[in-house]
There are 2 protein chains.
Amino acid sequence: MSRLSIGAVAEATGLSVYALRYFEHEGLFPRDIPRDTGGRRVYGQPDVDWLLLCNRLRESGMPIAVIKRFVDLVREGAGNEADRLALLRQHEADVRAKIDELHACLTVIHRKVVSYEKHFAEGTATGLWETS
Amino acid sequence: MSRLSIGAVAEATGLSVYALRYFEHEGLFPRDIPRDTGGRRVYGQPDVDWLLLCNRLRESGMPIAVIKRFVDLVREGAGNEADRLALLRQHEADVRAKIDELHACLTVIHRKVVSYEKHFAEGTATGLWETS
DNA sequence: CTAGGACCTACAGTGCGCTGGAGGTCAAGC
DNA sequence: GCTTGACCTCCAGCGCACTGTAGGTCCTAG
């Protein structure tokens, strides 16, 4: 069983030690992180795996509070898998919606880029930013 | 020429009047918004058009400070179109990268969803959240 | 002629997600 | 045995993007 220090976990997950302590404070770990005799956190590989998933959830816009809800369900133990699934599915839908939104933005932005490029080809003139 | 009140512009853009005043304070308008005799803002349609583009930029993650940089270039007048284009292209690249990242997240999340669904089909058991 | 509502400025407050400082413990290396 | 460095707790502070409040103006409708 791997015994990882907070520094090693920070290294492995790309999170700062500040963030790791903060996450623990916010209850974002599915288990209590044990301490050694000196009071230092001792993480295991499953904690790192969870943090990597957690990173994906955060990157994709899941608020800390929602991650906590998920973690709370996990900590409650077996029996609420339907709730956990619903939460994940909802987030999956949110992410898909966000991707669609970004594509829409991209269309608008790209149109603007093209209008500038066209403008360039013709030499500078008027009416650049005003029209959407 | 349309003469729109702040309330009308809020309505048209989905922004709050607070946000509109804030944006003006932060220098996010390519022109100074004029006032009527009573000191009230008088917007035109081009301002609304700009705000709609601005909304896309914000939705797609462009920070206020970067939008301001773009606006500053526009306010400088003709001659820096290359800089404006570079800024937009950079953002376009950022958005594409963000979309890719979200797709990667989606893969991980979807895998998790499927693992829960599979779990469901089999009846509840162990090893749900630990494995990424 | 007064009450309401939309607007104004200036500035303080909020929520989120960390980040950092103060003051202290502990084990290892010189 | 002393310094260094990684760690600890507690709590304050920060950056961003607004949101809201206080105190005031102005116009319109009853």
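To find a chain, count down the sequence lines: A is the first, B the second, and so on, and within it residues start at 1.
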From the candidates dG17(C), dC8(D), dC18(D), the one with an atom nearest any side-chain atom of R58(B) is dC18(D)
Is the distance from OP1 or OP2 of dC10(D) to the nearest side-chain N or O of R21(A) less than 4.0 Å? no
Can you tell me how far P of dA17(D) sits from CG of L57(B), to the nearest Å? 13 Å
Side chains of R69(B) and M62(B): closer than 4.5 Å at any heavy-atom pair? no
Donor-acceptor pair, side chain of E81(B) and main chain of G79(B), under 3.5 angstrom: yes
Rounded interatomic separation in angstrom, taking NZ from K68(A) and C1' from dC16(C): 16 Å
Can a side chain N or O of R35(A) be found less than 4.0 Å away from OP1 or OP2 on dT25(C)? no
Would you say dC8(D) has OP1 or OP2 under 4.0 Å from some side-chain N or O of R41(A)? yes
Between D36(B) (CG) and dA6(C) (P), how many Å, whole number? 16 Å
Applying a strict under-4.5 Å side-chain criterion to I, L, V, M, F, W and Y, I'd like to know whether V71(B) and V48(B) cluster together. yes
In this structure, how many angstroms lie between the P atom of dG20(D) and the NE2 atom of H25(B), rounded? 18 Å
Atom-to-atom span, OH of Y22(A) to P of dG15(C) - whole angstrom: 13 Å
Using whole Å, what does the distance between atom P of nucleotide dC10(D) and atom CD of E26(A) come to? 14 Å
Heavy-atom nearest nucleotide on DNA chain C taken for A19(A) and for G7(B); more 5' hit belongs to G7(B)
Picking from dC18(C), dC18(D), dC26(C), the nucleotide nearest the side-chain atoms of R40(A) would be dC26(C)
Separation of dC8(D) atom P from I33(A) atom CD1, nearest Å, is 11 Å
5'-most contact on DNA chain D (nearest-nucleotide basis), E24(A) vs L15(B), goes to E24(A)
Provide, to the nearest angstrom, the distance between the OH atom belonging to Y18(B) and the C1' atom belonging to dT14(C). 13 Å
Go through dG17(C), dC8(D), dC7(C) for me and flag the one nearest to the I6(B) side chain. dC7(C)
Return a table of donor-acceptor pairs under 3.5 angstrom between the side chains of residues 102-110 of chain B and protein atoms on other chains or two or more places apart.
{"from": "T107(B)", "atom 1": "OG1", "to": "H103(B)", "atom 2": "O", "distance (Å)": "3.0"}
{"from": "H110(B)", "atom 1": "ND1", "to": "E92(A)", "atom 2": "OE1", "distance (Å)": "3.2"}
{"from": "H110(B)", "atom 1": "ND1", "to": "E92(A)", "atom 2": "OE2", "distance (Å)": "2.6"}

Within less than 4.0 Å of OP1 or OP2 of dC7(D), is there a side-chain N or O belonging to S5(A)? yes
Report the relative orientation of the aromatic rings in F70(A) and W50(A); use parallel for angles under 30°, tilted for 30 to 60°, perpendicular for over 60°. parallel
Which of the following nucleotides, dT19(D), dC7(D), dC27(D), is nearest to the side chain of T37(B)? dC27(D)
